[in-house]
Chemist: 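Dropping a structure here in structure tokens format, bear with me for questions.
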Amino acid sequence: MRRYGKNTDEDDIRSRPNRKGNRPRTHIRPKHEDAVEGMVLTVDRGRLTCLVDGQIVLAMKARELGRKAAVVGDQVAIVGDLTGKKDTLARIVRINERKSVLRRTADDDDPYERVVVANADQLAIVTALADPEPRPRLIDRCLVAAFDAGLEPLLVMTKSDLTQPDKLLELYGHLDIPYVVTSREELENGDAAARVREQLDGKITAFVGHSGVGKTTLVNALVPEDRRRLTGHVNAVTGRGRHTTTSALALPLSGDAGWVVDTPGVRSFGLAHIDPSRVILAFPDLEPGTEGCPRACSHDEPDCALDAWVAEGHADPARLYSLRRLLATRERTEGD
């Protein structure tokens with residue numbers, strides 16, 4: 001066996017020949033200064049449909065990104081064939097820093113986080129007032145996830161022709177959440193879409209809700225026919241016959257007035273990843289009262305300083321009740 005001293009010459013070291021005849025792998029990754037910026041519209045079986053300079057481009061993630069995955073809403077850098085022609089495939093070589101990330105887990109014991117959408121500004125929580133019945137615990141969980149991600153929540157109540165929204169509005173009134181109430185007739189004549197759209201101007205809004213509440217119907221009403229053609233183009237690229245909301249899909253509003261992201265209907269919204277200290281940030285009238293809280297205070301325990309803060313008249317007691325109801329939803333299932 002040949003032994004080398006401390007001062008070996010690299011040229012004197014034999015290298016194993018490459019039997020495949022291709023170039024050896026290297027740890028030096030290309031910088032791709034010529035990469036073009038784009039936005040991820042949907043993801044399907046490892047293929048990412050992106051919008052690049054108004055052109056739909058199908059891409060895959062470059063190997064150098066490792067385990068980092070791009071999701072709907074991501075701003076990415078793309079190289080390769082950007083013509084969008086059939087059978088062409090570009091490469092995503094960089095995922096830009098995200099300004100927000102909406103996450104959920106399958107349940108509260110699941111350590112694996114699923115990213116719903118990146119870079120959203122607002123979360124529209126769609127619930128039917130009847131048929132199916134509203135699920136307040138699921139709404140609470142979506143609100144907690146929105147507050148944790150730094151998103152503005154919007155409550156959209158559908159099917160007001162079947163029952164009045166008074167009971168649900170009373171439950172969420174103290175949270176000061178903007179809301180829109182719609183009926184089936186208003187969805188058909190366009191009045192509902194017009195009122196909802198007023199809340200979407202200039203924002204990227206993710207729509208969530210469980211099956212049957214009319215979420216996708218509302219999204220289709222918001223996006224004009226000429227913009228919905230993008231959906232058909234996406235489906236043709238990915239091989240899906242029609243969009244059935246099996247994966248999140250971003251669609252542009254007309255006039256470049258913002259984006260809506262239609263997401264699959266959810267049965268549960270796990271909050272295993274939630275940090276209670278971030279939820280309190282959505283309650284600026286209560287946040288100063290936490291300065292006297294013990295370390296790692298859950299804000300729902302005997303030593304919580306918020307009780308004295310509210311008792312001294314600094315904030316509305318109903319606001320503290322709302323905060324604690326939202327925080328407690330992490331220990332309850334949606335059906336409770």
Side-chain angles (χ1 to χ4, degrees), residues 39-43 49-51 54 56 71-74 100 102 116-129 131-132 134 138-139 142-143 145-146 149 151-162 165 168 177-235 238 240 242-266:
M39 175 182 176
V40 178
L41 301 182
T42 192
V43 182
T49 303
C50 306
L51 184 66
I56 299 297
V71 300
V72 173
D74 266 327
S100 69
L102 177 66
V116 180
V117 62
N119 297 317
D121 305 299
Q122 185 170 236
L123 180 65
I125 305 166
V126 184
T127 180
L129 293 168
D131 189 29
L138 179 59
I139 297 173
C142 291
L143 287 173
L151 305 186
E152 301 174 10
L154 170 67
L155 187 59
V156 181
M157 291 168 275
T158 62
K159 305 182 183 181
S160 63
D161 48 306
L162 300 180
L168 208 58
I177 299 172
Y179 66 88
V180 180
V181 181
T182 71
S183 66
R184 289 175 175 173
E185 180 181 354
E186 290 172 326
L187 276 176
E188 294 174 357
N189 62 28
D191 291 345
R195 293 207 309 276
V196 174
R197 183 174 173 131
E198 292 177 0
Q199 304 288 337
L200 311 181
D201 191 34
K203 300 176 182 177
I204 298 177
T205 304
F207 281 70
V208 298
H210 60 91
S211 299
V213 299
K215 174 176 55 62
T216 298
T217 300
L218 178 59
V219 169
N220 288 339
L222 288 166
V223 181
E225 184 64 32
D226 61 331
R227 291 297 174 111
R228 285 209 303 273
R229 291 175 186 170
L230 178 63
T231 310
H233 194 164
V234 169
N235 293 337
T238 59
R240 190 181 304 132
R242 63 187 180 91
H243 181 53
T244 56
T245 325
T246 56
S247 61
L249 173 65
L251 290 167
L253 293 169
S254 59
D256 296 325
W259 289 80
V260 295
V261 181
D262 190 13
T263 65
V266 294

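Please read these numbers as outputs of a predicted model, since none were measured by experiment.
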Chemist: When rounded to the nearest 0.5 angstrom, what is the spacing between OG1 in Thr205 and CZ in Arg197?
Modeler: 11.0 Å
Chemist: Roughly how far, to the nearest 0.5 Å, is the CD atom of Glu186 from the CG atom of Leu218?
Modeler: 11.5 Å
Chemist: When rounded to the nearest 0.5 angstrom, what is the spacing between OG1 in Thr127 and NE2 in His210?
Modeler: 5.0 Å
Chemist: Quick one: CH2 on Trp259 to CG on Leu51, what's the gap to the nearest 0.5 Å?
Modeler: 5.0 Å
Chemist: When you look at Leu222 and Phe207, which way does the side chain to side chain contact (heavy atoms under 4.5 Å, CB included) test go after all the steps?
Modeler: CA-CA 12 Å; Leu222 288 166; Phe207 281 70; 3.6 Å; yes
Chemist: Keeping the roles fixed (side chain from Asp74, backbone from Val71), state whether a donor-acceptor pair exists under 3.5 Å.
Modeler: yes
Chemist: Counting distance only, does the side-chain N/O of Ser160 pair as donor-acceptor with the main-chain N or O of Thr182 below 3.5 Å?
Modeler: yes
Chemist: In Å and rounded to the nearest 0.5 Å, what is the CG to CG distance from Asp201 to Leu253?
Modeler: 8.5 Å
Chemist: Would Val117 and Thr263 count as a side chain to side chain contact (heavy atoms under 4.5 Å, CB included) here? Give the steps.
Modeler: CA-CA 9 Å; Val117 62; Thr263 65; 5.7 Å; no
Chemist: Could you walk me through whether Ile139 and Leu155 pass side chain to side chain contact (heavy atoms under 4.5 Å, CB included), step by step?
Modeler: CA-CA 9 Å; Ile139 297 173; Leu155 187 59; 4.2 Å; yes
Chemist: Test Leu249 against Val72 for side chain to side chain contact (heavy atoms under 4.5 Å, CB included), laying out the working first.
Modeler: CA-CA 7 Å; Leu249 173 65; Val72 173; over 6 Å; no
Chemist: Roughly how far, to the nearest 0.5 Å, is CG of Leu168 from CE of Met157?
Modeler: 6.0 Å
